[in-house]
Amino acid sequence: MGGLLTFEVEHEELKETVRKMVTTAGSAVDQKLRLIDALQHLGVSYHFESEIEDELLNMSSTTDLLSDSNDLNSIAIWFRLLRQQGLHASADIFGKFKEGEGNFKVSLASDVPSLLSLYEACFLAIPGEDILDQALAFATQHLGSGNKIMNPNLVEEVRFALLRPIRKRLPRLEARRYIDTFNMDDHQSSKENSASLLRFAQLDFNIVQRLHQEELREIQQWWVDLDVATNFKYARDRIAECYLWVMGMYFEPKYSQGRRLLTKLIAVMSLGDDTYDNYATYEELVPFTEAIERWDINLVSNLPECMQRLYALYRDSFDEIEEAFAADGRPFAIVYAKKALDTLLKAYLMEAKWRDEGYRPKLEECMQVSLVTTCFTFLTIVSFLAVPEAATEDTFHWISTDPTVLVASKTVCRLMNDIVSHKFEQERKHVPSAVECYVDKTGLSEEKVVELLNEEVAKAWKDINEEYLMMNRQPNVVAAKPPILDRMLNLARVIDLIYKEDDGYRNSHLLKHYVVSVLQEPVSLGV
Ligand SMILES: CC(C)=CCC/C(C)=C/CC/C(C)=C/COP(=O)(O)OP(=O)(O)O
């Protein structure tokens with residue numbers, strides 16, 4: 001215990017040292033940019049949110065500093081950091097790196113660090129920015145061409161970036177990866193500053209990990225008591241993965257209560273998904289759905305025992321949510337949550353009906369229903385429980401209008417999920433996925449359809465980016481603030497992690513490495 005306390009004292013001291021690094025006046029812009037970038041990679045920027053915002057705001061008004069420069073690396077980092085923050089940065093700034101109206105200058109192809117920064121900046125594009133599409137194609141081609149990169153750290157950064165750009169990475173997983181590969185020599189600050197930064201990040205990672213472990217232990221206890229293997233034999237048993245999912249939505253200590261509640265809820269929804277998808281018949285699901293809609297336990301009394309248990313689980317989770325919303329002075333929120341749950345279960349019911357009737361929906365019908373069964377409206381609303389300062393009644397109203405950012409994150413979920421899981425699902429009796437419906441509609445090959453759907457996913461990411469910029473263009477839209485938008489951005493990032501190559505939720509061994517590295521193994525502190 002003495003040891004833990006010593007670490008905590010050291011952590012507090014280092015926090016102030018790092019804060020000073022962020023706020024020190026007079027540092028060169030490019031150094032500040034790299035410091036903020038490093039803080040974000042290391043997963044500790046949440047301690048300095050207002051300081052970072054001030055710094056970036058200052059930089060957004062000093063564009064001329066960079067517009068006269070030919071330092072592509074700094075310009076690309078500047079562009080990315082500002083856009084991530086929802087601040088204005090024009091893509092035109094990259095125009096000077098092109099040969100007139102043509103392609104990007106060939107001479108850039110050998111400057112791997114700048115090329116990498118340009119590549120990363122492109123993932124902050126909004127719809128219609130052709131110059132960034134061009135830049136992305138250029139950077140991807142040259143980064144992937146086996147360029148003679150000497151520094152092994154850089155080789156690894158490029159490899160990983162091509163797999164998953166920064167914009168799509170979950171902050172907590174990135175922190176673990178970056179801490180493990182942090183190389184003092186790659187940073188522009190002094191050796192002493194780099195060492196403080198790294199030590200602070202290591203201590204912070206372990207302190208937060210202990211909190212996560214405590215939360216997960218409590219949740220696991222609840223889960224063990226449910227005895228899924230006996231009571232829901234047909235269902236996937238995935239509590240650690242559900243926790244990983246929610247930790248992806250928010251990892252910071254202040255969201256602890258939200259994580260506990262939301263993990264339990266997702267676990268119940270996972271049982272629900274399996275019950276609707278491959279256990280119950282449509283005839284059984286009609287009274288079940290109505291029972292929840294009306295909270296009338298009598299309607300489930302003739303149903304199989306597992307469905308009665310599931311009803312009780314939904315009811316208990318919902319009571320907990322209601323209590324928590326009421327306790328922090330937002331009793332109105334529960335009405336939005338209930339409406340989202342009812343809409344969700346009706347959509348599940350529709351899919352069960354189509355499945356049992358062997359109906360092949362048209363693409364538009366399929367998408368209308370299957371965007372709802374991503375559960376994202378419901379999950380987002382419940383996630384606001386943990387952000388009381390930002391999520392006001394206006395926010396709940398706004399989210400119920402299905403804003404672009406929500407539709408975009410649902411689109412990422414539905415299409416990526418269908419692309420990797422449709423083959424397995426079609427082997428069982430399952431409603432056709434977006435892939436089959438698209439093939440039906442167009443007559444194109446499955447391979448071509450998957451390519452087109454991936455383009456839709458890329459477009460949805462641009463829509464998410466645009467919503468961040470709208471936030472500052474329309475300051476009166478009270479609903480769209482970073483802690484609100486970040487929930488939907490992170491949901492899309494979770495999907496990219498779980499469904500990029502395969503269905504990692506079904507084949508959960510694929511996620512084992514992440515569970516172990518962020519929830520089990522502490523970062524080594526050296527001496
Ligand atoms: C990906 C997705 C829809 C996530 C919703 C969020 C949520 C409730 C996650 C819990 C796990 C779950 C049900 C995953 C989807 O299963 P599945 O692949 O069987 O989903 P499907 O039945 O909608 O295709």
Side-chain angles (χ1 to χ4, degrees), residues 219 223 228 232 234-249 259 261-280 285 310 313-314 317-318 321 337 340-341 343-355 361 366-383 406-407 409-437 453 457 460 487-488 490-508 510-511:
I219 294 165
W223 188 246
V228 171
F232 301 93
Y234 54 88
R236 292 165 293 183
D237 189 344
R238 301 277 188 275
I239 198 65
E241 293 75 11
C242 288
Y243 185 80
L244 184 72
W245 191 301
V246 174
M247 198 195 62
M249 286 177 75
R259 269 192 302 277
L261 236 137
L262 208 53
T263 305
K264 286 162 80 176
L265 184 67
I266 286 207
V268 171
M269 285 158 72
S270 183
L271 297 177
D273 184 84
D274 286 331
T275 304
Y276 274 88
D277 255 13
N278 55 52
Y279 173 78
L285 289 166
L310 183 62
L313 282 172
Y314 272 114
S317 311
F318 216 78
I321 297 168
L341 177 63
T343 307
L344 169 63
L345 297 190
K346 282 210 184 92
Y348 275 152
L349 187 64
M350 182 60 88
E351 286 183 348
K353 182 169 193 278
W354 288 345
R355 174 200 65 204
C366 158
M367 289 309 292
Q368 200 181 10
V369 172
S370 71
L371 286 180
V372 179
T373 59
T374 60
C375 314
F376 276 19
T377 307
F378 184 47
L379 287 182
T380 304
I381 287 178
V382 178
S383 77
L406 179 59
V407 176
S409 72
K410 287 184 202 177
T411 304
V412 171
C413 173
R414 177 45 64 211
L415 298 184
M416 289 191 80
N417 177 263
D418 281 1
I419 287 170
V420 294
S421 68
H422 74 105
K423 281 213 174 72
F424 170 82
E425 283 176 348
Q426 294 310 309
E427 283 165 16
R428 303 186 313 200
K429 207 173 160 205
H430 198 283
V431 69
S433 76
V435 179
E436 284 81 33
C437 294
L453 293 181
V457 171
R487 306 290 73 82
M488 287 167 271
N490 281 345
L491 269 172
R493 287 168 163 167
V494 170
I495 295 300
D496 196 76
L497 180 81
I498 299 185
Y499 295 104
K500 190 178 167 90
E501 308 288 347
D502 200 339
D503 183 339
Y505 189 75
R506 181 167 303 287
N507 306 312
S508 56
L510 299 170
L511 302 181

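Order of listing sets the numbers, starting from 1, for every ligand and every atom in it. The residues of the chain are indexed from 1 along the displayed sequence.
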Visitor: Is D273 touching ligand 1 with its side chain, its backbone, both, or neither, if touching means heavy atoms under 4.0 Å apart?
Guide: side chain
Visitor: Just go through V431, V494, N417 and tell me whose heavy atom is the nearest to atom 20 (O) of ligand 1.
Guide: N417
Visitor: Which of the atoms of ligand 1 are close to I266, meaning less than 4.0 Å from one of its heavy atoms?
Guide: 9 (C), 10 (C)
Visitor: Among all the protein's non-hydrogen atoms, which is closest to atom 22 (O) of ligand 1, and how far away is it?
Guide: D277 OD2, 2.9 Å
Visitor: For atom 2 (C) of ligand 1, what's the nearest protein heavy atom and its distance?
Guide: C413 SG, 3.7 Å
Visitor: Tell me the closest heavy-atom pair linking V412 and I495, and the distance in Å.
Guide: O-CG2, 3.7 Å
Visitor: Can you name the atoms of ligand 1, numbered from 1 with element, that are less than 4.0 Å from a heavy atom of T374?
Guide: 3 (C), 4 (C), 5 (C), 6 (C)
Visitor: Would R238 count as a contact of ligand 1 if the rule is a heavy atom under 4.0 Å away?
Guide: no
Visitor: Enumerate the atoms of ligand 1 whose separation from the nearest heavy atom of Y505 is less than 4.0 angstrom.
Guide: 11 (C), 12 (C), 14 (C)
Visitor: Are any of the N/O atoms on S270, whether in the backbone or the side chain, positioned under 3.5 angstrom from an N/O atom of ligand 1?
Guide: no
Visitor: Which of parallel (below 30°), tilted (30 to 60°) and perpendicular (above 60°) describes Y234 and Y279?
Guide: parallel
Visitor: Where is the tightest heavy-atom contact between N278 and R355, given as atom of each residue plus distance?
Guide: N-NH1, 4.1 Å
Visitor: Take D273 and R236, measure what salt bridge (Lys or Arg N to Asp or Glu O under 4.0 Å) needs, and give me the verdict at the end.
Guide: CA-CA 10 Å; D273 184 84; R236 292 165 293 183; 3.2 Å; yes
Visitor: At the 4.0 Å heavy-atom cut-off, does R414 count as touching ligand 1?
Guide: yes
Visitor: With heavy atoms of C375 as the reference, note each atom of ligand 1 found under 4.0 Å away.
Guide: 5 (C), 8 (C)
Visitor: Going by distance alone, is a donor N or O of one side chain under 3.5 Å from an acceptor N or O of the other, for K410 and T377?
Guide: yes
Visitor: Looking only at non-hydrogen atoms, find the nearest pair between C366 and P432 and report the distance.
Guide: SG-O, 4.2 Å
Visitor: How far is atom 4 (C) of ligand 1 from its nearest protein heavy atom, and which residue and atom is that?
Guide: W245 CH2, 3.5 Å
Visitor: Closest non-hydrogen protein atom to atom 3 (C) of ligand 1, residue and atom name please, with distance?
Guide: T373 O, 3.7 Å
Visitor: For the residue pair Y505 and W245, does the interplanar ring angle fall in the parallel (under 30°), tilted (30 to 60°) or perpendicular (over 60°) class?
Guide: perpendicular
Visitor: Could you pull out the closest heavy-atom pair between Y314 and M269, with the gap in Å?
Guide: OH-CA, 4.3 Å
Visitor: Report the distance from atom CG of N490 to atom OG of S409, rounding to the nearest 0.5 Å.
Guide: 10.5 Å
Visitor: May I ask you to identify the nearest protein heavy atom to atom 14 (C) of ligand 1, giving residue, atom name and distance to one decimal place in Å?
Guide: Y499 OH, 3.7 Å
